[in-house]
Peer 1: 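Handing you this structure, nothing more for now.
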Amino acid sequence: MALEKKALKIRNKGIKTLEKENYDSAFYYFNKSISLYKKNADSANIVYVLSQIANIQQINGDYYGSKETLTETLPYIRKKDVYSAYINTLFGIAEKELSNYKDAIYYYNASIKDYDDPESKKYNLNNIAVVYINQKKYDKAINLLESATKLKIANKKLQDNIPRIIDNLGYAYFKNGLSEKGLLYMQKSLELRKTYPDDYGSIENSLHLSEFYSKTNPQKSKEFALKAYSTATKTHSIDERLEALALLITNESVAENTQYAKKFTFLNDSIIKVRNNFKNKFAKIKYDSQKEKDENEKLRLEKAENQLELQRAHYRQFIFLSIFLLLSLLIFYLRKYYQNKNRIEKLEAAYETEIRISKDIHDELANDVFHTITFSQTQPLENENSKEILIQRLDNIYARVRSISKENNTIDTGINYVHNLKEMLSTYNNETRNIIINNIEKINWDVIDDIKKITIQRTLQELMVNMTKHSEASLVVVKFDHDANKIFIDYTDNGKGTEKNKIIKNGLQNMENRILSTKGTITFDTEPNKGFKMKISMPK
């Protein structure tokens with residue numbers, strides 16, 4: 001929010017200075033606000049500000065620079081609306097001024113398609129007609145301008161474009177050989193300007209009338225040329241001043257037209273220097289802005305590196321502390337587990353469990369801890385990807401500890417049995433592996449004795465552990481079924497499988513022993529790269 005407010009404040013300064021025609025400052029503020037809006041990914045304001053920068057460049061005759069700026073807007077335009085229409089209009093103006101008439105017409109038409117309201121359409125039809133007049137395609141210009149005059153605009157405040165259209169229509173008629181009809185329209189435009197004042201439009205109107213009278217009434221031509229020159233001087237319209245001076249130089253009624261020729265030469269040389277100066281200023285503003293941005297980024301990175309170095313130490317402490325706590329919890333659990341075993345049979349079972357847990361800790365958990373410590377010491381933890389990997393590894397260690405703990409918990413064979421069995425199977429779900437459990441609720445577990453329930457859960461638990469260690473499966477399906485006398489469990493995964501003669505080596509012998517002890521049957525079906533299947537049947 002603070003960044004957004006700062007960007008808005010700077011952008012508004014740019015708008016105010018542009019209204020005062022202080023183009024250097026406006027360009028500076030707009031350019032400065034762009035970097036803030038880009039940080040905030042504010043597409044709408046990026047497009048708006050870049051369009052204002054392009055407009056400033058066009059005002060100062062930098063049409064190539066304007067096209068470059070407009071091209072920067074394209075990745076940020078999300079939909080066809082008033083923003084995209086304005087961008088296409090600015091593209092059209094730049095191409096027209098650079099005499100790329102075909103491209104100019106393309107962009108003006110694109111603007112009409114993007115925002116086809118009567119005002120926008122009228123404005124762009126007039127622009128296209130001006131291009132046709134420059135190409136001496138007067139019939140096309142007349143057709144467009146006549147259609148533009150027929151468009152109705154409800155808001156009278158938006159009708160100030162009407163005199164321009166009528167003036168251009170008259171000028172097109174005049175250039176197409178219909179002088180009298182053309183004069184009527186140009187004079188009508190002049191009259192309408194009393195209702196719709198428009199300094200820039202009145203300059204063009206006067207220039208057109210000056211050209212119209214240049215051969216038939218040189219004195220009147222001179223009056224309109226001087227009027228155009230005066231208004232253009234007031235509005236700082238350099239190109240139009242040059243056009244007015246060109247008409248005065250060739251006017252037969254001007255006795256001393258050398259003074260206008262001198263003014264023309266001086267003004268033409270000056271405008272080249274001024275526009276080049278503006279281009280250099282704009283380039284310097286961009287360069288200074290980028291330089292400041294780079295320096296700030298460098299300072300930010302140095303500060304970030306110092307902070308990250310401290311974070312590394314905190315991360316290491318966190319890792320060591322987490323591992324210590326996890327191992328302490330595990331040791332505490334094992335100690336409590338052994339303390340509660342008083343009978344010889346339970347002590348023997350505890351001893352077997354201890355051996356298995358010790359192996360799990362030594363073979364897997366200790367390796368994971370070692371690799372995690374090594375990773376934290378060798379990888380740049382300021383990197384987001386490294387942080388995510390580290391957190392994932394810690395989660396894996398935590399999950400492994402929980403898994404070891406769950407494997408050795410007593411099994412509740414009461415009303416929570418089905419829920420706990422499903423939960424145990426589901427714990428092996430992760431981002432890369434999907435566990436599907438089918439029809440577990442169809443079994444009437446109440447009629448199954450506790451020994452068989454425990455055998456089923458222990459067998460499936462060992463199978464899931466074995467799958468996790470060896471199969472690399474992404475999909476596991478455990479299906480339950482039954483008939484009047486038996487329970488059936490089908491297990492299938494899409495892992496890498498193994499050769500049948502190696503099944504015992506993968507730790508499945510214990511599962512077989514469990515099932516056989518309940519007078520059940522268990523079969524395995526597997527081949528390399530063809531997954532693993534296991535079928536269990538057990539009397540109820």
Side-chain angles (χ1 to χ4, degrees), residues 61 96-97 99 101 126-142 144-146 148-149 160-272:
K96 183 198 76 172
E97 295 298 330
S99 299
Y101 296 131
N126 180 63
N127 286 337
I128 295 171
V130 171
V131 174
Y132 283 142
I133 291 171
N134 290 343
Q135 292 179 303
K136 299 183 180 179
K137 297 178 180 179
Y138 303 118
D139 288 333
K140 286 189 173 184
I142 289 168
L144 281 182
L145 291 166
E146 284 180 342
T149 58
D160 55 353
N161 202 37
I162 294 173
R164 289 196 194 188
I165 295 171
I166 293 173
D167 173 46
N168 285 327
L169 180 58
Y171 185 66
Y173 280 132
F174 159 58
K175 298 297 285 186
N176 207 30
L178 300 174
S179 299
E180 292 185 7
K181 190 173 183 179
L183 179 61
L184 286 174
Y185 276 97
M186 288 188 282
Q187 287 177 333
K188 182 181 177 181
S189 172
L190 200 64
E191 185 66 24
L192 282 171
R193 294 190 188 282
K194 295 176 182 177
T195 306
Y196 305 104
D198 174 13
D199 286 338
Y200 183 80
S202 69
I203 297 170
E204 291 295 325
N205 204 172
S206 296
L207 289 171
H208 290 163
L209 287 166
S210 177
E211 184 179 345
F212 177 86
Y213 288 115
S214 61
K215 293 182 180 178
T216 59
N217 191 338
Q219 181 58 38
K220 209 162 191 178
S221 174
K222 175 186 174 182
E223 291 173 4
F224 279 113
L226 287 172
K227 182 180 178 182
Y229 181 81
S230 174
T231 307
T233 302
K234 182 178 74 174
T235 59
H236 308 292
S237 302
I238 306 298
D239 292 322
E240 286 69 26
R241 284 174 68 188
L242 289 172
E243 287 184 49
L245 288 171
L247 287 166
L248 289 168
I249 291 168
T250 58
N251 194 296
E252 295 176 1
S253 68
V254 179
E256 296 293 332
N257 56 14
T258 55
Q259 62 173 317
Y260 296 119
K262 288 179 181 179
K263 281 186 178 181
F264 182 93
T265 303
F266 175 78
L267 188 61
N268 192 48
D269 291 342
S270 296
I271 192 58
I272 292 171

Peer 1: Please report the interatomic distance CD1(Ile133) to CG(Leu144), rounded to the nearest 0.5 Å.
Peer 2: 10.0 Å
Peer 1: Could you please spell out the steps behind the side-chain hydrogen bond (donor to acceptor under 3.5 Å, both in side chains) verdict for Ser189 and Arg193?
Peer 2: CA-CA 6 Å; Ser189 172; Arg193 294 190 188 282; 3.3 Å; yes
Peer 1: If you compare all heavy atoms of Ser221 against all heavy atoms of Ser210, which two are closest, and at what distance to 0.1 Å?
Peer 2: OG-O, 2.6 Å
Peer 1: If you take all heavy atoms of Thr149 and Leu169, which pair is closest and at what distance?
Peer 2: CG2-CD2, 4.4 Å
Peer 1: What closest approach, in Å, do Leu247 and Thr250 show between heavy atoms, and which atom pair accounts for it?
Peer 2: O-OG1, 3.2 Å
Peer 1: Does the side chain of Asn126 pick up a donor-acceptor pair with the side chain of Arg164 at under 3.5 Å?
Peer 2: no
Peer 1: Using 0.5 Å steps for rounding, measure from the NE2 atom of His208 to the CG atom of Leu190.
Peer 2: 12.5 Å
Peer 1: Atom CG of Asn168 and atom CG of Asn205: how far apart are they, to the nearest 0.5 Å?
Peer 2: 9.0 Å
Peer 1: To the nearest 0.5 Å, what is the distance between CG (Leu145) and CG (Asp167)?
Peer 2: 10.0 Å
Peer 1: I need the minimum non-hydrogen distance between Met186 and Phe174, along with the two atoms involved.
Peer 2: CE-CB, 4.2 Å
Peer 1: How long is the straight-line distance from CD1 of Ile142 back to OH of Tyr138, given to the nearest 0.5 Å?
Peer 2: 10.0 Å
Peer 1: Does the pair Val130 and Tyr171 meet the rule for a side chain to side chain contact (heavy atoms under 4.5 Å, CB included), with working shown?
Peer 2: CA-CA 10 Å; Val130 171; Tyr171 185 66; over 6 Å; no
Peer 1: Give, for atom OG of Ser230 and atom CD1 of Ile203, the distance between the pair rounded to the nearest 0.5 Å.
Peer 2: 9.5 Å
Peer 1: Determine whether Glu204 and Glu240 satisfy the following criterion, side chain to side chain contact (heavy atoms under 4.5 Å, CB included), listing intermediate values before the conclusion.
Peer 2: CA-CA 8 Å; Glu204 291 295 325; Glu240 286 69 26; 3.6 Å; yes
Peer 1: By salt bridge (charged side-chain N to carboxylate O under 4.0 Å, His left out), which residues pair with Lys194, not counting sequence neighbours?
Peer 2: Glu191
